[in-house]
Amino acid sequence: MAHPGGTLYAHLCRVQERLAEVGHGAVVQSAGLTHAVYGTDGFDIALLDWTDRAPLRHLVGADAEALVYLYGACDRGRTWRRLATSAEVVDRFTGEVHKLRPEQLGWLIDLSIVNELDVIDQDPLVADRHRAYFREIFSAWAPFTSAPVDAAVQRVLRR
């Protein structure tokens, strides 16, 4: 399946590898490798139906699957700008609002940033078109972003 930088699989592997490089453990790495399985607000192809979460939960564990669900279900337009202040994700599938635990908030933010940075690295035109937006969002998220991910944001978005 085509994706900036080659294939969706290559992208998923890069996201998992980058999360490992910045020090995330197995839960976040597994979520990184499978983050698009239910589709996303920015990538509308689902590999599994979001209503049948058990197969992924069995493969990656409950915490990683819950993070994948939050990532895929996130209505970015209604969530991203206020995520750092609300710690809530508006579910694009159901319309529900999910309140995040502090560790989930940090994990979701790092996963979201690492994903976007990989897309930017693979397609610099994305950065050209969306640099101001990403700077605004990632700055708002900075209090919850891990230090290595924040350093990557500074490196990539200052180009």
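Computed over heavy atoms, backbone and side chain alike; hydrogens, waters and symmetry mates excluded.
- Looking at every heavy atom in both residues, Ser146 comes nearest to Asp110 through OG-OD2, 2.7 Å.
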**OP:** Dump the intermediate steps for side chain to side chain contact (heavy atoms under 4.5 Å, CB included) on Gln104 and Leu67, then the final yes or no.
**Re:** CA-CA 7 Å; Gln104 283 180 311; Leu67 182 56; 5.7 Å; no
**OP:** Start with the C-alpha distance between Asp91 and Tyr69, add both sets of side-chain angles, then the distance that settles side-chain hydrogen bond (donor to acceptor under 3.5 Å, both in side chains), and finish with yes or no.
**Re:** CA-CA 9 Å; Asp91 190 316; Tyr69 180 83; 2.5 Å; yes
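- The distance from the CZ atom of Arg14 to the CG atom of Leu12 is 9.0 Å, given to the nearest 0.5 Å.
- When every heavy atom of Val60 is checked against every heavy atom of Glu65, the shortest pair comes out as CG2-N, 3.7 Å.
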**OP:** Under the side chain to side chain contact (heavy atoms under 4.5 Å, CB included) rule, what do Trp80 and Tyr133 come out as? Steps first, then yes or no, please.
**Re:** CA-CA 11 Å; Trp80 274 20; Tyr133 173 74; 3.3 Å; yes
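- For Glu88 and Arg78, the salt-bridge test fails: no basic side-chain N is under 4.0 Å from an acidic carboxylate O.
- Paired with Val68 under the rule side-chain contact (heavy atoms from CB on, under 4.5 Å), one option of Leu48, Leu33, Val37, Leu111 passes, and it is Val37.
- The two residues Ala84 and Ala140 come nearest to each other via the heavy atoms CB-O, 3.2 Å.
- Nearest heavy-atom pair across Val90 and Val97 is CG2-CG2, 4.3 Å.
- No close placement of the Trp141 and Phe144 rings is indicated, their centers lying 6.0 Å or farther apart.
- Judged by distance alone, the side chain of Lys99 and the main-chain N or O of Ser86 form a donor-acceptor pair under 3.5 Å.
- Looking at Asp41 and Arg92, no side-chain N of the basic residue comes within less than 4.0 Å of a carboxylate O on the acidic one, giving no salt bridge.
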**OP:** Report the C-alpha distance between Gln154 and Val149 in whole Å, list the side-chain angles of each, state the deciding distance to 0.1 Å, and finish with yes or no for side chain to side chain contact (heavy atoms under 4.5 Å, CB included).
**Re:** CA-CA 9 Å; Gln154 302 312 314; Val149 171; over 6 Å; no
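- The main-chain N or O of Ala36 is never found under 3.5 Å from a side-chain atom of Thr40 such that the two would form a donor-acceptor pair.
- Using a 4.5 Å cut-off on side-chain heavy atoms (C-beta onward), Trp107 and Leu19 make no contact.
- Below 30°, between 30° and 60°, or above 60°: for Tyr71 and His35 the angle between ring planes is above 60°, a perpendicular geometry.
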Subject >> Derivation and outcome, side chain to side chain contact (heavy atoms under 4.5 Å, CB included), residues Phe43 and Leu8 >> reply: CA-CA 10 Å; Phe43 189 76; Leu8 175 61; 3.8 Å; yes
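- Nearest heavy atom pair, residue Ala142 against residue Asp150, reads CB-OD1, 4.4 Å.
- In terms of heavy atoms, Ala87 sits closest to Leu105 at CB-CD2, 4.1 Å.
- Side chain of Gln16 to backbone of Ser30: no donor-acceptor contact under 3.5 angstrom is found.
- Interatomic distance, NE2 of His11 versus CG of Asn115, reported as 4.0 Å (0.5 Å rounding).
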